[in-house]
Structures are given as C-alpha cells and as structure tokens.
Amino acid sequence: MTWHRKVDQWIREHPRIVDLIGALMLWFVTVVATAGLAGSPSTGNEAVLAVLVSSAETLPLILRRSHRRISAGVIVLACLMHLAFLPGFLPSVVAVPVVVYTLAKYGERWESLSGLGLSLVGAAFSSAAFGGVTADRSFASLVASTVIIGLSMLVVWTYGDLARTRLVALQALHDRAERLEREQAAERSAAAADERARIAREMHDIVAHSLSIMITQADGARYAGRENPEVAVGALETIATHGRESLKDMRRLLGVLRGEEEAQYRPMPGIGDLEQLAEQVRLAGQQVDLQIVGTPRRALPNGAELAVYRCVQESLTNVVKHAGTAARATVTVEWTRHGISVSVTDNGRGALADASTAGSGRGLDGMRERVELYGGQMSAGPLPRGGFVVRAFIPYLENA
C-alpha cells in the first residue's frame, strides 16, 4: 500500500481526529486573518467581537459529524451575530459551505434541505447587509452577489448530496457482502453437517454390520469350542475375514477424508455385491435367501445403488442381532417400471426382542436418510405374526 493510500485509510478510520485538526487549523487561520483586518486602534472592540464571532463560526466544526445538529445550530447563531453586529464579511464564513456539505452528506433529508435553505437565505441577507460583489451597493450588484453566493451554496450542497448517494451505495454493498458472507457460512455449516451425517452413516453401517457378525461368531465359538474345536476354528476364520474387510472399509473411508485419490476412485459396493453380503451373513450362521428380479429400465441417481446396499446390509445386521439364529431372512430386490424396490423380511422375534438386545434406532434413521436423499421412501416395522420387515423404494432419474 502506497503512502497516500495509507493516509486516506487513516483519515477514513479517524474522522473525529480529522475534524478536530481541520477545525483548529481553520480557526487559527481565520482568527489571525480577522485580527489583521480589524486590528486598528479605532476598532478594538470590533476586533474582539470579530475574533469571538470567527471562533463561534469555526470551532463547532470539531463536532460537525459526531453532533452535526448542535454544530450547525451554533454556527447559524454565530452567523446571525455576524449579520447583526459586524459591518462586513469575515474569513470565517467559509464554515457555512462546510456545514452545508456536512448536512447534505451525513444528515437526514430534512436537515440537508434545511441547511440548503438557510444558506440561500443567508446569501440574500449577507448581500443586503455587506454590499454586492462590487464597490457600489446598487440593486443589480446586490442581486448578482446573492446569485453568486446562492449558486455556490447550491453547488456545495449538490456535491454533498452526491457524496451521500455514494455513501449509501457503499453501505448497501457492505451490507450485501456481510449478508452473503453469513449465507456462505450457513451453507458451509449445513454442508459440513451433511458430510458428518454421511460419515456417521458409513461408520455405523461398516462397524455395526461387521461387529454384529463377529460377536455372533465369537459367541458360537465360545459355546461350541470345547466339544467341537473345528467349529471354533471356522468361526475364528469368519471373524478374521470380517475384521479384515471392515478394516479395508475403514481405511477407504479415512482415505476419502484425507483426500487420497486411490480411496476416492475405488468402486463403492452396489447391487452386484449383495450376493457376497448374503454369503457373509450365512457364514455367521444366519439363513438368508436373496432374490433379484427384473432388470433396470432407466438410470438410478448417483449413489442410489450404495443406498440400496447399505439398507440391505443394515437390515441383515438387525436380523443377526435381534431375530435369533433360527430365523430366516428373505431379501427381495425388484426392478420395477418406476424404480428399484427392496424388501427384507424375517420370521424372528421382531418387536418382541427384549430390551437388552434393542439398538439405538440410528440404523433405521440412517437408512431412511439415505433413501430420502434420492427421492425415495422407506418404512420398517414388525409383522403381525412375528418377524420384522424393511421396505424401501428409490425412483429412476426423471430425465433418464
């Protein structure tokens, strides 16, 4: 930043100090000039009065922005004293256009117009009291003086009013920038909340599914290990397999958070991976039937297949945790005319599961959020004759 820009910035940031310095300098110059004009011995009293009037006309400019009404009122009274008790113009009358400009730029509309009107009236009275622009006091000279002073005040007021318009426009831009900044902050906060919810759903699906199968296998191995060690060995192999798969999924998810390209471009599980998912659940000792009916007629939204996969995964996880080992789960995935329909039912304990095995409900909420994200619908509840059912539907793309 160059020196003149620094000076300009300092002036904008310290208006009161600028007004103080400017008013004191103007007061000093006008008082010195006034004392020189009226300093003869024969006019000593007039000189004192002229200095007082000059001070009253210039020193209130210190408050011209912070207390503009008080400042303008004091200067008007000083100008009236000037007209009533002094025989001619004083250099301190330069305070009048300063006040007119200040009221036009910073004051309310009535203050601005009042300042302009009083300055025009003052132009007429000062011309009549102190004479015209020439030495003679003819009517034409008085009219010319009034017109010249009045036009000068009008130009000053116009410049101040234009400055006011620019100030209002800058304030509007500043307010708009602040509003846009708040909106962007709100959008970033909402995006961060959505991303946290997405990560929480992924973490829940990965961890809950694998841990449920691993816990089931560990319990089975503990009970059967003493009588049939081969069962325990198979259960441990299943636990290790699921542990490694979960670790891969966790690393992939953390890689996405770190921005690793390999993790970002790795294919996400979809409908083609449902058979492998069902086989994993079967290895945990749960009976699962999988049926995929029909073929897609149009394209699904991006990520919809992952949503279907996660819904089936979470549903089978709930079957493993709550339905009991003797229950059978049936997974039906059907491509319809309008979209893909998913149904997961079981004939286990369902709503009669005891409170010790009840979950937090976050899995169902996560499924519902996933499905609704793609314009679909999801429902879940116990069946009348026992068991539980989860149904979900995701429509095709409208423009596909």
Side-chain angles (χ1 to χ4, degrees), residues 202 204-250 252 267-294 305-335 340-350 352-353 357-359 363-364 366-367 370 380 382-383 385-392:
E202 288 290 328
H204 178 274
D205 292 340
I206 293 171
V207 174
H209 173 72
S210 298
L211 287 183
S212 297
I213 294 179
M214 292 167 67
I215 291 171
T216 302
Q217 290 294 305
D219 289 340
R222 183 179 59 182
Y223 291 120
R226 296 178 181 177
E227 299 179 358
N228 192 351
E230 294 181 359
V231 175
V233 172
L236 291 176
E237 290 179 355
T238 303
I239 291 173
T241 300
H242 281 282
R244 282 190 289 268
E245 291 295 327
S246 299
L247 185 59
K248 289 180 182 179
D249 291 336
M250 290 290 291
R252 178 190 56 78
M268 301 296 289
I271 297 175
D273 300 301
L274 289 178
E275 183 59 43
Q276 182 180 358
L277 175 64
E279 185 61 29
Q280 291 176 355
V281 178
R282 294 188 190 106
L283 291 176
Q286 198 73 50
Q287 303 178 62
V288 178
D289 295 329
L290 174 64
Q291 297 178 351
I292 301 179
V293 181
E305 288 200 15
L306 175 63
V308 171
Y309 180 89
R310 293 303 187 197
C311 286
V312 175
Q313 184 184 50
E314 177 63 24
S315 300
L316 292 179
T317 300
N318 290 335
V319 171
V320 172
K321 290 194 296 185
H322 305 305
T325 56
R328 175 180 291 275
T330 301
V331 180
T332 303
V333 179
E334 182 179 1
W335 295 97
I340 186 170
S341 176
V342 181
S343 173
V344 181
T345 60
D346 67 80
N347 58 355
R349 291 177 293 176
L352 300 178
T357 61
L364 294 178
M367 281 192 285
R370 286 182 184 276
L383 293 172
R385 298 182 180 180
F388 202 84
V389 60
V390 176
R391 295 187 179 93

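Bear in mind the structure is a predicted one, so any value in this text is a computation, not a measurement.
- Nearest heavy atom pair, residue Gln286 against residue Val320, reads OE1-CA, 3.7 Å.
- Two residues are said to be in side-chain contact when any heavy atoms from C-beta on lie closer than 4.5 Å; Arg391 and Val389 meet this criterion.
- In terms of the side-chain contact (heavy atoms from CB on, under 4.5 Å) criterion, residue partners of Ile292 (sequence neighbours excluded) are, by chain and number, Ile271, Leu290, Val333, Trp335.
- Glu279 contributes atom CD, which lies 13.5 Å from atom CG of Leu274 (distance to the nearest 0.5 angstrom).
- Scored by the side-chain contact (heavy atoms from CB on, under 4.5 Å) test, Gln291 finds Thr332 as partners (sequence neighbours excluded).
- Counting heavy atoms from C-beta outward, Val331 and Asp289 have side chains that stay 4.5 Å or more apart.
- Side-chain contact between Val344 and Thr330 is absent, with no heavy atoms from C-beta onward closer than 4.5 Å.
- Residues satisfying the side-chain contact (heavy atoms from CB on, under 4.5 Å) test with Gln287, not counting sequence neighbours, are Arg328.
- Pro269 places a side-chain heavy atom less than 4.5 Å from the side chain of Arg310.
- Side-chain atoms of Asp273 come within 3.5 Å of backbone atoms of Gly270 as a donor-acceptor pair (strictly under, hydrogens ignored).
- Every residue meeting the side chain to side chain donor-acceptor pair (under 3.5 Å) condition with Glu275, not counting sequence neighbours, appears here in chain and number order: Arg282.
- Residues Ala327 and Gly348 come closest through the heavy atom pair CB-CA, 3.6 Å.
- With sequence neighbours excluded, the residues forming a side-chain contact (heavy atoms from CB on, under 4.5 Å) with Ala380 are Leu364, Met378, Phe388, Val390, listed by chain and number.
- Nearest heavy atoms, Met367 versus Cys311: SD-O, 3.4 Å.
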